[in-house]
Amino acid sequence: MAIKYLSAEKKAKKKRNRIIITVISVILIVTVIVLYLIFNTDFFRTKRGAFIRYLQTTNDSLETIKIIRDKNLIEAKKNKQFLVNGEMKINSSANIADSNILDKLRLYVVTKGDYQNDKINTDISVNNGGDELAKLSLIKDSDYYGMYSADISNGFIGIQNDKVGAILADADLVNAGTFLSDFIKGTKFDLTSNLASSIVDFNTDDVLEESKLQKKYFQNYFKMLKNVSDTAYTKKQDDKIVIDGVTHNVNTYTLSLNERESADLIKSLVDKLTQDSLTMDFITTKLRMLNLSEEYTDINTLNRRLKQFATEYQLNPSRYGKLSISVSEEKQSNIQTSISFGKNSIIINHVKDDNNEMSIFKINDSSIKLQKAGNKVIIALHTINEDRIERGILITREASGSVDDNNLEYLYNIRSVNGIKNIELNYNEKFTFGNNIGEINGFKNTENLVILNEFNKDQISEFVKKLESKINEVYISKSSSIGISVDPIFTF
């Protein structure tokens, strides 16, 4: 009897163990599934929670700015004298000139630089069948920048660096009709009033860097979105968006506010920001690195501007319109953030895989694309001008050789579109580092030199208009002499 009892007890114990193991296994499986759903999907997240989660990752798009830079080249230029020889030729064109004419054109660029002594010389010449058609010399000498062309002036035209931004604003270059001016106008924001006071050589990594403490503080601003009503958040599942010609299947989460709600949210954010000395110090420090004016680098001044904006929004919300923010996720990554307010829109795209990373920043009618694809770097600027004419520049760069072997070479393919006119160019430049690159000139021995800083706003504006007119005259005349019909560089 005792043996039978022990046998039955063992069977019961084994059964209990099997049940315990089964229960533990089920719990572990369920736990793994739940953890997977929590960390890899939005299954347990509300529409608001998912929206905030992806919105916080928008600044990942700025990483592309870092990876397209050649850090080895940047460091070498800082520590060694360098010589750059560049040559450009035209591959193809449409609605510009006969290919037999364009095939003879060459552009040569020779740059000598010494960052430690703060001097750079650049000579640019355009040749037609071996004959020099035009030449332009550029000099950076410490705090001065200058240009000279015998076809345009009798001497160097210079600018002292400390007031470059003010002079460019006084010259009203935003209405010059160039690609850059059309690009700025296409943003529909007054960017010329925000120009840096001078040209600075800043470290991109320093500007984009965030400490853990700063990231923690920024979380407080995202948390404020939790105070917005649940009904303001929506989700569109299996949505489709197109980025750079590629269709992506995404889930899109949107925060939509009416004009009054938009004004109230802006006021709450501004009130918190202007009382947050740490974040304000962080922002003004970064803007100071870009050498922007005191309006943006002085905390008190920036506080006043922000409060003024929030007050104006409160008093006249219809002027700024409704605020809508959408984030689109693909495989748990935010690939597009879209912000619209009134008639303005800002779209930030960021797509990344093992061998490719791309960011596109679009403000109204103007956009910038930055892409690293394998060993290629791609930069594209695009806009639509006031006449609804498409203008764009696409630059593709490949590198060969290295700084260490002193044989670095960049190969560029450049495509430009201006309405029905387009042109494709190839440009290659070779870098040499060392102390045997030849003399680097400055302004010390320059007799004929005009410094624009010495004149007032009206004089500068008048001078620049005459300069633009002269450049147009020379450009059209030189082009006509070899059988090319061109539009003026500057329009009025």
Side-chain angles (χ1 to χ4, degrees), residues 42 45-59 61 184-191 193-194 218-243 248 250-274 276 279 283 302-329 334-350 360-368 383-384 386 388:
D42 300 314
R45 287 190 178 88
T46 62
K47 292 188 285 289
R48 178 201 283 127
F51 172 85
I52 294 174
R53 175 197 179 195
Y54 293 118
L55 182 64
Q56 291 178 102
T57 64
T58 300
N59 65 344
S61 59
I184 292 173
K185 290 173 97 171
T187 66
K188 298 180 181 176
F189 286 92
D190 183 15
L191 298 181
S193 63
N194 304 329
F218 288 146
Q219 295 295 319
N220 296 327
Y221 294 91
F222 290 107
K223 289 177 182 177
M224 292 179 69
L225 297 175
K226 293 181 179 180
N227 299 327
V228 178
S229 170
D230 287 341
T231 58
Y233 295 92
T234 58
K235 176 183 178 181
K236 188 174 182 181
Q237 200 161 353
D238 299 323
D239 193 13
K240 294 189 187 316
I241 60 173
V242 178
I243 300 176
H248 297 264
V250 298
N251 293 317
T252 299
Y253 300 88
T254 302
L255 167 63
S256 298
L257 302 174
N258 62 34
E259 291 175 352
R260 174 49 56 193
E261 291 169 334
S262 301
D264 290 342
L265 177 60
I266 293 298
K267 186 177 186 306
S268 298
L269 289 169
V270 169
D271 285 346
K272 183 174 182 60
L273 179 60
T274 52
D276 181 355
T279 302
I283 293 171
L302 184 56
N303 269 346
R304 284 195 298 271
R305 287 178 63 90
L306 291 171
K307 288 177 180 178
Q308 181 182 358
F309 170 68
T311 300
E312 290 175 355
Y313 210 145
Q314 283 280 304
L315 295 174
N316 190 9
S318 60
R319 175 185 174 187
Y320 298 95
K322 302 174 183 178
L323 176 63
S324 175
I325 306 174
S326 295
V327 289
S328 299
E329 66 88 9
N334 175 12
I335 64 170
Q336 184 180 88
T337 298
S338 176
I339 304 170
S340 64
F341 49 102
K343 297 180 180 179
N344 297 295
S345 69
I346 299 173
I347 299 174
I348 301 170
N349 300 308
H350 182 227
I360 302 176
F361 307 92
K362 186 173 187 293
I363 304 177
N364 291 317
D365 289 334
S366 294
S367 66
I368 299 176
T383 192
I384 299 175
E386 292 176 329
R388 309 314 295 168

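We're numbering straight along the sequence, starting at 1.
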remark   = Value for OG (Ser61) from CZ (Phe361), rounded to nearest 0.5 Å, stands at 4.0 Å
inquiry  = side chain to side chain donor-acceptor pair (under 3.5 Å), that's the test. Do Ser318 and Asn316 meet it? Break it down for me.
reply    = CA-CA 6 Å; Ser318 60; Asn316 190 9; 3.0 Å; yes
query = Side chains of Asp271 and Thr274: donor-acceptor distance under 3.5 Å anywhere?
reply = no
inquiry  = Could you tell me if the side chain of Tyr233 sits less than 4.5 Å from the side chain of Tyr253, heavy atoms only?
reply    = no
request  = Please find out if less than 6.0 Å separates the ring center of Tyr320 from that of Tyr313.
outcome  = yes
Side-chain donor-acceptor pair present, Gln336, Asn349, cut-off under 3.5 Å = yes
Salt bridge Lys272-Asp276, side-chain N to carboxylate O under 4.0 Å = no
ask   = Any side-chain donor-acceptor pair under 3.5 Å between Asn344 and Asn364?
value = yes
request  = Flag the pair Asp365 / Arg388 as yes when at least one side-chain heavy-atom distance between them is below 4.5 Å, and no otherwise.
outcome  = yes
Min side-chain heavy-atom separation His248-Ser328 under 4.5 Å = no
query = Under the salt bridge (charged side-chain N to carboxylate O under 4.0 Å, His left out) rule, what pairs show up with a residue in residues 311-325, not counting sequence neighbours?
reply = Glu312-Arg319
message = If you define the side chain from C-beta out and look only at heavy atoms, does anything of Arg48 sit under 4.5 Å from Leu225?
response = no
query = Side chains of Ser256 and Thr254: donor-acceptor distance under 3.5 Å anywhere?
reply = no
ask   = Would you say the side chains of Asn334 and Glu329 form a donor-acceptor pair under 3.5 Å?
value = no
ask   = How many angstroms lie between atom CG of Asn227 and atom OG of Ser268, to the nearest 0.5 angstrom?
value = 8.0 Å
task = Could you grab the distance from atom CG of Leu255 to atom NZ of Lys47, nearest 0.5 Å is fine?
result = 12.5 Å
request  = Taking the side chain as every heavy atom from C-beta outward, state whether Phe222 and Leu55 have any atom pair closer than 4.5 Å.
outcome  = yes
Test item: Ser262 side-chain N/O and Leu323 main-chain N/O as donor-acceptor pair under 3.5 Å = yes
task = Looking only at non-hydrogen atoms, find the nearest pair between Asn251 and Asp238 and report the distance.
result = OD1-N, 3.2 Å
task = Would you indicate whether the side-chain heavy atoms of Val228 and Leu257 approach each other to under 4.5 Å?
result = yes
ask   = Which value, rounded to the nearest 0.5 Å, describes the distance between Gln237 atom CD and Asp239 atom CG?
value = 10.5 Å
task = Answer yes or no: is there a side-chain heavy-atom contact under 4.5 Å between Ile347 and Ile360?
result = no
side-chain contact (heavy atoms from CB on, under 4.5 Å) between Ile346 and Phe341, intermediate numbers included = CA-CA 9 Å; Ile346 299 173; Phe341 49 102; 4.3 Å; yes
Heavy-atom side-chain contact between Leu273 and Leu306 under 4.5 Å = yes
remark   = Phe51 and Ile325 have their tightest heavy-atom pair at CE1-O, 3.3 Å
ask   = Nearest 0.5 Å, what's the CZ-CG distance between Arg305 and Asn303?
value = 12.0 Å
query = So, the side chain of Gln56 versus the backbone of Ile52: is there a donor-acceptor pair under 3.5 Å, distance only?
reply = yes
query = For the atom pair OG1 (Thr46) and NZ (Lys226), what is the distance rounded to the nearest 0.5 Å?
reply = 9.0 Å
inquiry  = By the salt bridge (charged side-chain N to carboxylate O under 4.0 Å, His left out) test, which pairs, at least two apart or in different chains, include something from residues 252-263?
reply    = Arg260-Asp264
Flag for Ser340-Ser345: side-chain donor and acceptor within less than 3.5 Å = no
